[in-house]
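Since the structure comes first, as structure tokens, the remarks are kept for the end.
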Amino acid sequence: MKKVVEKWPIYINGESIHTESHFVVENPATLEPVGYVPDANEKEAKAAVDAAQAAFLTWSKTSAYHRAELLEKWYTIIENRLDEIATIMTLEQGKPLAEAKGEMKYASSFVKWYAEEAKRNYGEIIPASVASKRILVQKQAVGVIAAITPWNFPAAMITRKVAPALAAGCTVVIKPAEQTPLTALLLVESAHEAGIPAGVINIVTTQKPGDVSDVWMNDSRVKKITFTGSTPVGKHLMKKAAETVKKVSLELGGLAPFIIAEDANIEEAVNGLIQSKFRNAGQTCICANRIFVHETIEQPFLQAFEEAVLTLKVGNGMEGADLGPLIDGAAVKKVRLQLEDAASKGATIHNTSKVDEKQGHFIAPAILSNVTDDMLCMQEETFGPIAPVSTFKTDQEAIDRANNTNFGLAAYVYTESLNKAVAYSDALEYGIVGINDSAPSTAQAPFGGMKESGIGREGGHYGMDEYLEVKYVSMQLGQ
Ligand SMILES: NC(=O)C1=CN([C@@H]2O[C@H](COP(=O)(O)OP(=O)(O)OC[C@H]3O[C@@H](n4cnc5c(N)ncnc54)[C@H](O)[C@@H]3O)[C@@H](O)[C@H]2O)C=CC1
Ligand SMILES: O=C(O)[C@H](O)CS(=O)(=O)O
């Protein structure tokens, strides 16, 4: 395993590269250095596009079977290095090691799935209205892809973009989040070990994300931007993309409603809520953000939920905790602000566990009741382990309040009634709806949001379409 506290290289055109200056990657649980990475700038950003463009001319002309074979090898190497990479992920991101290993399995599943999907890039022959013509539709690689990824899923957000891009015949330039670059660097190193050619995957790390992305967004050779992160940054990139009419895929913020209907199985709902709300200490874009419970079952639900939350251990992800730290001090401050705002507006805070918040970016999970929609925690993505609970009288009220937001990523409904399940999933304005299922994410299904939660889908055959141009060939046959 790599010695962690050392200077890590970035990778451009298959070469490992250092820059004059490096910046520290800090462990959010201990505030200790985990490693140092290059603080790249415009020079490295342009070199990455040069390499990706050169590689595209050959990679896009390889057979789908050749690309599939290399993706399979990459999958095998990731699986063999799973524990090593998961450990680095926990050290740099903070999530419990068991969760990091789970993310690695999720991340590698995209490489496996797109190794197979590469061979299914089918076209079409459409009957022409003129007998002497032939109409063919074929799908071809878009070109050089820029991928900018977040810190909350340092592995899965790389492979969920890179695997379909490579399967389609594209090449990529990656900028991982400055908080969690090490996992991404190990994934790219693994790709080179698999024999994926120089220049097909390039990665730069930087403390100046705007400088690097400006180079990529202004370069017409970059044909698409794929981004997962905050909605404000997503909107910024979408505006920049317009200048050279780049394709965009955006996976942005969420404000997931978690609706517990009058007839729900309370035990199942609590188990699902724990799984959704406290995964990654609440730092996922599909976490339950607003909990709506029917007024007739509020008390038994709160009692069961509070008992379950009390069992959660908060601490260092390398020491068996259920919840690790948040990513940084700003994240803790944002969650504390939401707690203070809710209390000032009448919420009851059921503080459920104590945690030594002196060392590291820790914050205890908390349940809020008597919550109203005017509170910040019901209007802004929390990205932390607080669970605001509000009651509703009718299903229509729950639907209306759940939809009353500019976000539309994931929504959850717990009910034992098929009719209610269909009525809710039809009416909820969300790209992902979990019915008695709080963990919908999987490589074979389309993941993505409506409204300001994003554009495009990742996963399934939809995920590869994002990296393909549709070409219509019309043939006039000789007389
Ligand atoms: N949808 C999701 O999965 C995620 C949502 N978020 C939301 O965003 C909030 C803030 O988290 P951040 O890490 O600050 O997200 P962010 O959107 O600032 O960072 C995500 C990525 O964008 C890059 N970035 C930041 N500013 C940029 C710019 N001007 N040009 C190009 N790239 C830029 C970052 O370096 C990182 O790689 C979170 O509290 C959460 O609400 C954050 C991460 C993931
Ligand atoms: O960004 C996120 O929160 C992830 O996309 C959620 S998941 O796909 O890992 O469930």
Side-chain angles (χ1 to χ4, degrees), residues 23 28 40 45 93 95 99-100 102-107 109-110 146-161 174-181 184 203-218 225-241 249-256 275-276 279-289 326-335 337-338 376 379-384 407 409-410 412 431-432 434 437-443 445-449 452-454 457-459 463:
F23 64 91
Q93 199 268 350
K95 67 178 67 176
E99 263 195 55
E103 183 188 333
M104 287 308 300
K105 292 300 284 183
Y106 177 51
S109 73
F110 284 96
I148 296 178
T149 57
W151 47 263
N152 59 341
F153 289 88
M157 294 309 103
I158 297 284
T159 58
R160 196 161 83 176
K161 296 168 172 32
I174 306 167
K175 193 212 69 67
E178 48 276 24
Q179 300 94 328
T180 57
I203 182 168
V204 299
T205 54
T206 182
Q207 291 185 108
K208 306 176 289 291
D211 293 358
V212 166
S213 83
D214 281 353
V215 169
W216 291 352
M217 299 309 282
N218 294 333
I225 173 74
T226 174
F227 170 75
T228 295
S230 63
T231 296
V233 174
K235 288 183 176 179
H236 163 73
L237 292 171
M238 192 169 176
K239 285 178 192 155
K240 292 292 287 182
S249 289
L250 303 173
E251 299 293 345
L252 306 178
L255 197 72
Q275 184 180 45
S276 169
R279 176 179 175 225
N280 204 4
Q283 300 171 113
T284 97
C285 58
I286 60 168
C287 275
N289 209 101
L326 300 193
I327 190 66
D328 56 26
V332 173
K333 193 173 169 194
K334 174 180 170 184
V335 173
L337 192 66
Q338 287 195 2
L376 276 181
Q379 296 186 1
E380 290 177 6
E381 190 170 42
T382 300
F383 250 57
F407 290 107
L409 187 54
Y412 308 93
I432 304 162
D437 178 7
S438 65
S441 307
T442 183
F447 181 106
E452 296 191 17
S453 283
R457 293 296 183 268
E458 295 185 320

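Whatever order the structure lists ligands and atoms in, that order sets their numbers, starting from 1.
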With heavy atoms of Glu178 as the reference, note each atom of ligand 1 found under 4.0 Å away.
34 (C), 35 (O)

May I ask you to identify the nearest protein heavy atom to atom 2 (C) of ligand 2, giving residue, atom name and distance to one decimal place in Å?
Cys285 SG, 3.0 Å

Pairwise distance NZ(Lys208) to OG(Ser213) - rounded to 0.5 angstrom
12.5 Å

protein heavy-atom neighbour closest to atom 41 (O) of ligand 1 works out as Glu381 OE1, 2.6 Å

Name the closest protein heavy atom to atom 10 (C) of ligand 1, giving the residue it belongs to and the distance to 0.1 Å.
Ser230 CB, 4.2 Å

Identify which of Ser213, Gly449, Ala331 has a heavy atom lying nearest to atom 31 (C) of ligand 1.
Ser213

Looking only at protein heavy atoms, which one is nearest to atom 10 (O) of ligand 2, and what is the separation?
Ser441 OG, 2.5 Å

Tell me yes or no: between the side chains of Thr382 and Gln338, is some donor less than 3.5 Å from an acceptor?
yes

Less than 4.5 Å apart, any side-chain heavy atom of Met157 and any of Glu251?
no

Identity and distance of the protein heavy atom lying nearest atom 23 (C) of ligand 1
Ile148 CG2, 3.7 Å

Selection from Gly229, Pro232, Ala330 by shortest heavy-atom distance to atom 5 (C) of ligand 1:
Gly229

So which heavy atom on Asn152 is nearest to which on Thr284, and how close?
ND2-CA, 3.8 Å

Give the intermediate values and the outcome of side-chain contact (heavy atoms from CB on, under 4.5 Å) for residues Asn289 and Phe383.
CA-CA 8 Å; Asn289 209 101; Phe383 250 57; over 6 Å; no

Taking distance alone, with no angle check, do Phe383 and ligand 1 share an N/O pair under 3.5 Å?
no

Give me the atom names and distance for the closest heavy-atom approach of Ile225 to Ala241.
CG2-CB, 4.2 Å

Which residue and non-hydrogen atom of the protein lie closest to atom 29 (N) of ligand 1, and at what distance in Å?
His236 CD2, 3.9 Å

Going by heavy atoms, is Glu103 under 4.0 Å from ligand 2?
no

Hey, does Thr228 come in under 3.5 Å of ligand 1, counting only N/O atoms on both sides?
no

Taking every heavy atom of Ser276 against every heavy atom of Tyr412, the minimum-distance pair comes out as OG-CE1, 4.0 Å

Nearest protein heavy atom to atom 39 (O) of ligand 1, by residue and atom, and its distance?
Lys334 NZ, 3.0 Å

Work out which heavy atom in Trp151 is nearest to a heavy atom in Gln93; give both atom names and the distance.
O-CG, 3.1 Å

Is the closest N or O pair between Phe447 and ligand 2 shorter than 3.5 Å?
no

Examine the proximity of ligand 1 to Trp151 and report which part, side chain or backbone, both or neither, has a heavy atom under 4.0 Å away.
side chain

Residues Val212 and Ala40: closest non-hydrogen pair is CG2-O, 4.2 Å

Numbered atoms and elements of ligand 2 in range of Met157, under 4.0 angstrom, heavy atoms
4 (C), 5 (O)

Using a 4.0 Å heavy-atom threshold (strictly under), name the region of Thr149 that reaches ligand 1: side chain, backbone, both or neither.
backbone

Under 6.0 Å from the six-membered ring centre of Phe110 and within 45° of its axis: does the NZ or CZ of Lys161 meet both?
no

Value for NZ (Lys175) from CG (Asp211), rounded to nearest 0.5 Å, stands at 11.0 Å

Go through Lys235 and Glu452 one step at a time and tell me if the side-chain contact (heavy atoms from CB on, under 4.5 Å) criterion holds.
CA-CA 9 Å; Lys235 288 183 176 179; Glu452 296 191 17; 2.8 Å; yes

Taking the side chain as every heavy atom from C-beta outward, state whether Phe153 and Asn280 have any atom pair closer than 4.5 Å.
yes

Flag the pair Thr180 / Thr149 as yes when at least one side-chain heavy-atom distance between them is below 4.5 Å, and no otherwise.
no

Closest protein heavy atom (residue, atom, distance) for atom 6 (C) of ligand 2
Phe153 CE1, 3.8 Å

Does Arg279 have a non-hydrogen atom less than 4.0 Å from ligand 2?
yes

Could you check atom 26 (N) of ligand 1 against the protein and tell me its nearest heavy-atom contact, residue, atom and distance included?
Val233 CG2, 3.7 Å

For atom 22 (O) of ligand 1, find the nearest protein heavy atom and state the residue, atom name and distance (0.1 Å precision).
Phe227 CE1, 3.2 Å

Closer than 4.0 Å and a protein heavy atom, does any atom meet both conditions relative to atom 19 (O) of ligand 1?
no

Below 4.0 Å from any atom of ligand 2, is there a heavy atom belonging to Glu458?
no

Just jot down the ligand 2 atoms closer than 4.0 angstrom to any heavy atom of Thr284, in number order.
3 (O)

Search all heavy atoms of Pro150 against all heavy atoms of Gly229 and return the closest pair with its distance.
CB-CA, 4.5 Å

One residue to check: Leu252. Relative to ligand 1, which of side chain, backbone, both or neither has a non-hydrogen atom less than 4.0 Å away?
backbone

Pairing of Glu99 and Arg279 as salt bridge, 4.0 angstrom limit
no

Of all the non-hydrogen atoms in the protein, which one sits nearest to atom 2 (C) of ligand 1, and at what distance?
Cys285 CB, 3.5 Å

Kindly state if atom 14 (O) of ligand 1 has a protein heavy atom within a strict 4.0 Å cut-off, that is, under 4.0 Å?
no

How far is atom 5 (O) of ligand 2 from its nearest protein heavy atom, and which residue and atom is that?
Arg160 NH2, 3.0 Å

Evaluate side-chain contact (heavy atoms from CB on, under 4.5 Å) for Ile148 paired with Leu237, printing each intermediate quantity in order.
CA-CA 10 Å; Ile148 296 178; Leu237 292 171; 4.2 Å; yes

One finds that the ligand 1 atoms under 4.0 Å from a non-hydrogen atom of Glu251 are 1 (N)

Check whether any N or O atom of Asn152, backbone or side chain, sits under 3.5 Å from an N or O atom of ligand 2, and answer yes or no.
yes

